[in-house]
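I have a structure I would like to understand better, so I am pasting it below and will then ask my questions one at a time.
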Number of protein chains: 2
Amino acid sequence: MEPSGAGAPTIYDVADRAGVSIATVSRVLNGHTNLRAATRQRVMDAVGELKFVPNGAARGLSQGLKKVVGIVFDGVPATDDLLSVEEETLLFSDSIVRGAEAGASQLGYSLLLNSAGGSSGDPERTINGLTGKVDGLILLDRVLPERRVAPLAKRIPMVLLAGSGRTRSAVTVRVDNAAAMADVAAHLVSGHGFRRLAFVSGLAASPDSTTRAQSFVASVTELGGTVQPLEAWAADWTSGGAARATRQWLESGGELPEGIACANDQMAIGVMHVLAGAGVKVPEEVAVVGFDDIPVVRHLSPALTSVRQPSRQLGATAVEVLVGLVEGRPPASRDIVLPTQLQIRGSCGCRAEHHGLLSETWDLGV
Amino acid sequence: MEPSGAGAPTIYDVADRAGVSIATVSRVLNGHTNLRAATRQRVMDAVGELKFVPNGAARGLSQGLKKVVGIVFDGVPATDDLLSVEEETLLFSDSIVRGAEAGASQLGYSLLLNSAGGSSGDPERTINGLTGKVDGLILLDRVLPERRVAPLAKRIPMVLLAGSGRTRSAVTVRVDNAAAMADVAAHLVSGHGFRRLAFVSGLAASPDSTTRAQSFVASVTELGGTVQPLEAWAADWTSGGAARATRQWLESGGELPEGIACANDQMAIGVMHVLAGAGVKVPEEVAVVGFDDIPVVRHLSPALTSVRQPSRQLGATAVEVLVGLVEGRPPASRDIVLPTQLQIRGSCGCRAEHHGLLSETWDLGV
DNA sequence: TTGTATGCGTTATCAG
DNA sequence: CTGATAACGCATACAA
């Protein structure tokens, strides 16, 4: 790639070679119909010979559409250390990104990737700068505080991914937390016949957590069960927090519930850890259910029953909606909700534990 | 985001508001020094009030630099099914992408993400089209056959990621396969005192596989050990292939080696699976070592000793080199090699197996 | 120190 | 059906 004297070919070069005007070149490039077949062919030939590729910047300038959408996710510690619990969760946003990429390329758009927590410090500055490079923006939940998104959303098409759904300032694409927890409740109460349940919540400030908690309590109650005081089982999304809550409940002489639903998988792991330490058998004495279905939970013993989110779909849908917004097509709804699926494994008592080297999903095909 | 009558503010708007020319606005925006403080302030104020953000397309057009680099990875089946073995490997490229993003944003560039195997069918077309939107391209190994990259590399700055290193047409950033396998050999032979080893190879056509094989054999031999015939343990990167090879060796009455090194983790898993089925104890009777250190191997029993690649670093370095290329700084080398690290766990006999609910890396912090 | 004018590569609006 | 030519928003060489 030395600075070739010629530089990249432009439509002028193509026009010259084909013996037509640049307007004509532009026309064939953009698939216009009113063109003599011979002319079109000459141009195509020239394009091929010159290996011409239109300059995206020029195109974007001219038609005011860059055909690029950005996606912003929360930053990650820059360490290249061992994978941590934290990093395991990343697979979630990675899947979303992959889905978004697929959706974008299918629509003829490109995906610009950005972490918000990057070295640059201020996420708002980062996002704002992005604004000039894209036609629209997808923000993963929590990259920007609620009140910051409204002004931004007025300046550029934007969709919130996995947000609370209560935001009125931007279109939201998310998962049906309420329905998911209703499923869990139904499985535990109606399916297993449990009556006394508990719910381990994440940070109180989190809409995800409160939605899941409320739905679980409501569903369980409606089905004739009871949920132990939420405050007693309140945690903070982390394994450690959930472990602490569990231990305190145990030490305070609290009655062991028949089933424990957790607002995420990390906390379910923490709970199971403490239970194991206390000699409480899962699922024989108490069932445990998680949320997110992160990859590692299949390898626990027993494998964790959890709510699986359609992460790929989430990304793809977000892009579809965003591109629609960009191109002037209003979304079907300003709050798009995708279904979850309860992934049933051993921790709720449905299956025997799997103690082999590999879990059931590792099909060797031999 | 209704089509605001005004449209996004331009530097003309800013210039008007600040009572200066667009040239001056451009200057303060680009941090020029010869500017009266008062003037600069007026412009900055106007920028703030208008919430002006420069149009990336216009900027790119004008200065011939889009400040965007693209990264192309191999496509993924669009299914949103359960994670498969295949998908577990994705974390590798996901980490690379994250590293690349971090590197790019630190250098003031953005990262354009593209899968090659996308729905569009032809990867070469996809990549070629990308060319117009970016200043440079990073290709993950195998997205394009060797002979296809040369012509492309002549037209746009490009770095190959995790390639063979033998490509002369583009700069390569990769991992030191040879040193990694030398480490493995040293650990097995010098560390554990094993003499009779075996190596499970991937597809014969793969440079990664042959490099690893050659290095392993050479190192073991030099240290006074022997390696069983490579052909007997030849596989195809998959768990199934490795399982087959292992079973055949066992059934043919082949002597059990003291240690088995595998060209990747999937195959190590296949090997362990068959050994377990045959009642051969790992690591007591035979040690097994993998390559890549994919997340799941820590949860196997015993946990797999494996070669960890600095995937994040790989991505960041690739971007650094690429941006250097774009901006006219020649790379220190056309074949940049990063070190690996042997991650020692139980499968080689170094540690006792861990049979708890959680592996050692799950520190609950309680 | 600041303003004027030109070019960057495309698309699109006119004529012809 | 095709060819001039004017934007598009910004950076910059050249003047002042």
Side-chain angles (χ1 to χ4, degrees), chain A residues 3 6-44 46-47 50-68 108 129 131-135 156 327, chain B residues 3 6-44 46-47 50-68 108 129 131-135 155-156:
Chain A
T10 72
I11 68 173
Y12 284 92
D13 300 320
V14 177
D16 273 3
R17 204 172 216 294
V20 298
S21 73
I22 63 167
T24 298
V25 175
S26 180
R27 289 189 184 104
V28 342
L29 255 36
N30 292 292
H32 289 212
T33 48
N34 293 337
L35 286 170
R36 196 183 312 170
T39 309
R40 172 189 303 282
Q41 191 54 51
R42 289 222 308 285
V43 172
M44 294 295 268
V47 167
L50 265 37
K51 296 189 186 311
F52 168 79
V53 175
N55 180 319
R59 217 198 269 250
L61 217 211
S62 177
Q63 60 177 34
L65 235 207
K66 308 181 187 69
K67 291 278 200 171
V68 176
T131 273
K133 288 181 167 184
V134 303
D135 299 315
I156 186 171
E327 297 178 347
Chain B
T10 72
I11 72 172
Y12 285 93
D13 300 320
V14 177
D16 273 4
R17 203 171 218 295
V20 299
S21 73
I22 63 166
T24 297
V25 175
S26 179
R27 289 189 184 104
V28 342
L29 254 36
N30 292 294
H32 288 211
T33 49
N34 292 337
L35 286 170
R36 196 183 314 171
T39 310
R40 172 189 304 282
Q41 191 54 52
R42 289 221 309 286
V43 172
M44 295 294 267
V47 166
L50 264 38
K51 296 190 187 310
F52 168 78
V53 174
N55 179 319
R59 192 175 265 196
L61 218 208
S62 176
Q63 59 177 31
L65 233 208
K66 308 180 187 69
K67 291 278 201 169
V68 176
T131 274
K133 288 181 166 181
V134 302
D135 299 317
R155 305 172 32 67
I156 187 172

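Every chain is numbered from 1 and lettered A, B, ... according to where its sequence line falls, protein lines coming before strand lines. Note that the structure is predicted; figures quoted are calculated from it, not measured.
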| request: Could you work out which one of C/dT1, D/dG3, C/dG3 sits closest to the side chain of B/Arg27? | output: C/dG3

| message | Nearest whole Å is fine: how far is D/dA11 C1' from B/Lys67 NZ? | response | 14 Å

| Nearest-0.5 Å distance, CZ of residue B/Arg27 to CD1 of residue B/Ile11 | 10.5 Å

| request: With the side chain counted from C-beta on, respond yes when A/Val28 and A/Met44 share a heavy-atom pair under 4.5 Å apart, and no when they do not. | output: yes

| Reported OG1-to-CG distance for the pair A/Thr39 and A/Asn34, which is rounded to 0.5 angstrom | 11.5 Å

| Which atom of A/Lys51 lies closest to which atom of B/Arg155, heavy atoms considered |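 Residues A/Lys51 and B/Arg155, closest heavy atoms: O-NH2, 2.5 Å.
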
| request: Remember a base hit wins even if backbone is also touched, and classify B/Leu29 as base, sugar-phosphate or nothing at under 4.0 Å, heavy atoms. | output: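 It contacts nothing in the nucleic acid.
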
| query | Which side chain to side chain donor-acceptor pair (under 3.5 Å) pairs, counting each pair once, include a residue from residues 53-63 of chain A, with sequence neighbours left out? | reply |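 Sorted result for residues 53-63 of chain A: A/Asn30-A/Arg59.
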
| query | Between D/dG9 atom P and B/Asp16 atom CG, what is the distance in whole Å? | reply | 14 Å

| For B/Ser26, which contact category applies under a 4.0 Å heavy-atom criterion: base, sugar-phosphate, or nothing? |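 The residue B/Ser26 makes base contact.
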
| field | Short side-chain N/O contact from A/Ser21 to OP1 or OP2 of D/dT2, under 4.0 Å | value | no

| Roughly how many Å is it from NE2 in B/His32 to C1' in D/dA11, rounded to a whole number? |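 The distance from NE2 of B/His32 to C1' of D/dA11 comes to 8 Å, rounded to the nearest Å.
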
| message | Between C1' on C/dA5 and CD1 on B/Ile22, what's the gap in Å once rounded to a whole number? | response |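 Between C1' of C/dA5 and CD1 of B/Ile22: 9 Å.
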
| field | Closest non-hydrogen atom pair, A/Val53 against B/Gly132 | value | CG1-N, 3.7 Å

| request: Scan A/Val20 against the nucleic acid and name what it touches under 4.0 Å (heavy atoms): base, sugar-phosphate only, or nothing. | output: sugar-phosphate

| request: Please tell me which of the listed nucleotides, C/dT1, D/dA4, D/dA13, lies nearest to the side chain of B/Asn34? | output: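 The nucleotide sitting nearest to the side chain is C/dT1.
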
Scan nucleotides 7-9 of chain C against the protein and return all N/O pairs shorter than 3.5 Å with their distances rounded to 0.1 Å.
unit_1	atom_1	unit_2	atom_2	d
C/dG7	N2	B/Ser62	OG	3.2
C/dC8	O2	B/Ser62	N	3.4
C/dG9	N2	A/Ala58	O	3.4

| Distance in Å, A/Arg40 CZ paired with A/His32 NE2, rounded so as to fall on 0.5 Å steps | 10.0 Å

| Rounded distance in Å - NZ (B/Lys133) to P (C/dT10) | 14 Å

| field | Protein-nucleotide distance (B/Leu65, atom CG; D/dT12, atom C1'), rounded to Å | value | 15 Å

